Amino acid sequence: MPEGDRADRPYDVVLFGATGFTGALTAEYLASNGPAGLRWALAGRNMAKLEAVRSRLSGFDDLPLLRADITDEQSIREVASSARVVITTVGPYIHYGEPLVAACAAAGTDYVDLTGEPEFVDLMWLRYGETAARSGARIVHSCGFDSIPHDLGALFTVQQLPEDVPIRLQGFVRAGGTFSGGTYHSAVHGMSRLRHGIRAGRERRNAERSARSVSSGDARRVRGAPGNPHNDSTAGGWVVPFPTIDPQTVLRSARALDRYGPDFTYSHYLVVKRLPKAVGLVGGAGVLIALAQVPFTRDLLLRVKDPGDGPTREQRARAWFKVRMLGEADGRRVVTEVSGGDPGYGETSKMLSESALCLAFDSLPERSGQLTPAVAMGQPLIDRLVKAGIRFTTVSSE
C-alpha cells in the first residue's frame, strides 16, 4: 500500500496491550519521547484498565482509547485499518498474536512486537508473509531485547568488515535483571511446544528452499554454527551455545542483505563467569523443558509467577545487558558491543517504541512482508537507539 494512502489514517501508532506490564512501560515511553504531533492511541479489551494507564500519563487526558479484543475479529480489523503502525505486547503470541498479524497483513499496516517465540514467527511467515508483501505491510517481529541488540549489533559489526568476502561472526550475551510473569509464562509455553516449533521451522525452511530454487539462484551461503562450551577471552568468561530466537533473526538478516558477504557464519553464546554455573544452566534448562512437556507439571510451573507480575522500579534500575560481537573477515578482526540498562522492560519498551516510530516516520528501504529489524530499518533504527541512550561501540579493530 502506498505510504500516502496510510498517511490519511487517524493514528500514526496504536499500542495494543497497554494494560500489561511491558505495555504500560511502552505507553510511558511514547508519552515522554514521541515526537510533537504524534497521533497515537491505546487499545485493549478492558476500557477501565486502559483509562487507568492513561491517567498515569501526564498531559494525555484526551488520548484516544480503542476497545479491541483478540477474540473479536472485527475490533482487531478496525484497529489495524486505523493505524499506520501497530505495536502489540500481548503474549504469549502463539496464543494471542495471530489475529492481529492477519489483520495488519491484510490492511497494509506495519506491525511490531517483542516476541521471542520461533514457532509463532515461522507460522506467521507461512500464513501471512505473502499477503503482507502484496499489501505493503512490514511485519517486524522481535523488536525488544529479542532481538534488536543481536540483530542490529550484527549489522553494526558487519558494516565495519570488508565487503564481498566470507564473514565469521560470534555473538556473546551477558545480562542481569529480573523477568516478569508474562515473560516467564511465554517461556514455559514455548518449552512445552518444542515439537510444534520444530515442525513449523522445518516447514518454513522447506518453503524458503523451494522459493530460492525457482529464483535467480543466489550462490551465497548463510549458516549457523552451534559451537561448543569454552572459555573465551573476548567474551570475558565461559560461553555456552544459546539457542534463542536471536541467532535465527541474525541469520535471516544475513540471507536478505548482500552486505553480509558471500559466505556468512554466525555462532551465538551466553556468557557466565564460572564453569559450574554454565553446567548448572544447561542442566536446569533441560529439567524445565522436561517438566513443561507434562500438563500437570507445566501447570505447576505456571503458578510460580502471575502474568501481571513484574520487577520493581528499583530492580529495573539495577538491571543491565551487554551483547558483544566478534567479527572476522579477510584478516580483519572487529569487536563491538551493544549495551544498555534493564533489558527486559525499560530498554525493551524503548526499542519497541523506537521501532514503531522508525517505521512511521523515517526514510526506509521499500520492502514489505515479514522482515527482521535489520532488514526493515537497519541504520536509521541504530541511529534512533543511540540517541535514546543505547550504546553501540567499537571495542577494538585490527
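As the structure is a computational prediction, the values presented were derived from the model and not from experiment.
- No donor-acceptor distance shorter than 3.5 angstrom exists from the side chain of Ser267 to the backbone of Pro226, with no hydrogens or angles considered.
- Two residues are said to be in side-chain contact when any heavy atoms from C-beta on lie closer than 4.5 Å; Pro343 and Trp320 fail this criterion.
- Judged by distance alone, with hydrogens and angles left aside, the side-chain atoms of Arg134 form no donor-acceptor pair with the main-chain N or O of Gly369 at under 3.5 Å.
- Judged purely by atom type and a 3.5 angstrom limit, Arg138 uses its side chain to pair as donor or acceptor with the backbone of Leu359.
- With sequence neighbours excluded, the residues satisfying side-chain contact (heavy atoms from CB on, under 4.5 Å) with Arg77 are Glu73, Gln74, Ala103.
- Partner of Arg252 under the salt bridge (Lys or Arg N to Asp or Glu O under 4.0 Å) criterion, out of Asp122, Asp246, Asp151: Asp122 alone.
- Here the side chain of Arg333 pairs no donor or acceptor atom with the backbone of Ser397 at under 3.5 angstrom.
- Listed for the Thr157 side chain is no donor-acceptor partner under 3.5 Å among the backbone atoms of Thr336.
- Counting only heavy atoms from C-beta outward, the side chains of Leu42 and Leu66 never approach each other to under 4.5 Å.
- With sequence neighbours left out, Asn206 forms a side-chain contact (heavy atoms from CB on, under 4.5 Å) with Arg202, Arg209.
- Using the six-membered ring where Trp is involved, Phe264 and Tyr260 have ring planes that are perpendicular, over 60° apart on the 30 and 60° scheme.
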Donor-acceptor contacts, no H, no angles, side chain residues 28-36, under 3.5 Å, sequence neighbours left out:
residue: Tyr29; atom: OH; partner: Glu354; partner atom: OE2; Å: 2.6
residue: Ser32; atom: OG; partner: Glu28; partner atom: O; Å: 3.1
residue: Asn33; atom: ND2; partner: Tyr29; partner atom: O; Å: 3.0

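- At least one side-chain heavy atom of Pro118 sits under 4.5 Å from a side-chain heavy atom of Gln248.
- The shortest side-chain heavy-atom distance between Met124 and Ile139 does not fall under the 4.5 Å cut-off.
- Two residues are said to be in side-chain contact when any heavy atoms from C-beta on lie closer than 4.5 Å; Glu98 and Leu123 fail this criterion.
- Residues Val239 and Leu270 are not in side-chain contact: their nearest non-hydrogen atoms beyond the backbone lie 4.5 Å or more apart.
- For the side-chain contact (heavy atoms from CB on, under 4.5 Å) test, residues two or more places apart in sequence or in another chain that qualify with Glu314 are Thr312, Arg318.
- Using modelled atom types, one side-chain atom of Thr88 and one backbone atom of Val90 make a donor-acceptor pair closer than 3.5 Å.
- Of the possible donor and acceptor atoms, one in the side chain of Glu117 sits under 3.5 Å from a partner among the backbone N and O of Tyr93.
- Sorted by first and then second residue, the pairs that involve residues 35-53 and meet side-chain hydrogen bond (donor to acceptor under 3.5 Å, both in side chains), not counting sequence neighbours, are Asp12-Arg39.
- Ring-plane geometry between His268 and Phe242 is classed as parallel, the angle between the planes falling under 30 degrees on a 0 to 90 degree scale with a further cut at 60.
- The side-chain contact (heavy atoms from CB on, under 4.5 Å) search around Arg367 returns Leu257, Pro365, Leu371, Val375, not counting sequence neighbours.
- Once rounded to the nearest 0.5 Å, the distance linking CZ of Phe145 with OG of Ser349 reads 14.0 Å.
- Using modelled atom types, no side-chain atom of Arg67 and backbone atom of Met47 make a donor-acceptor pair closer than 3.5 Å.
- Under the 3.5 Å distance criterion, the side-chain polar atoms of Asp113 are matched with a main-chain donor or acceptor of Ser142.
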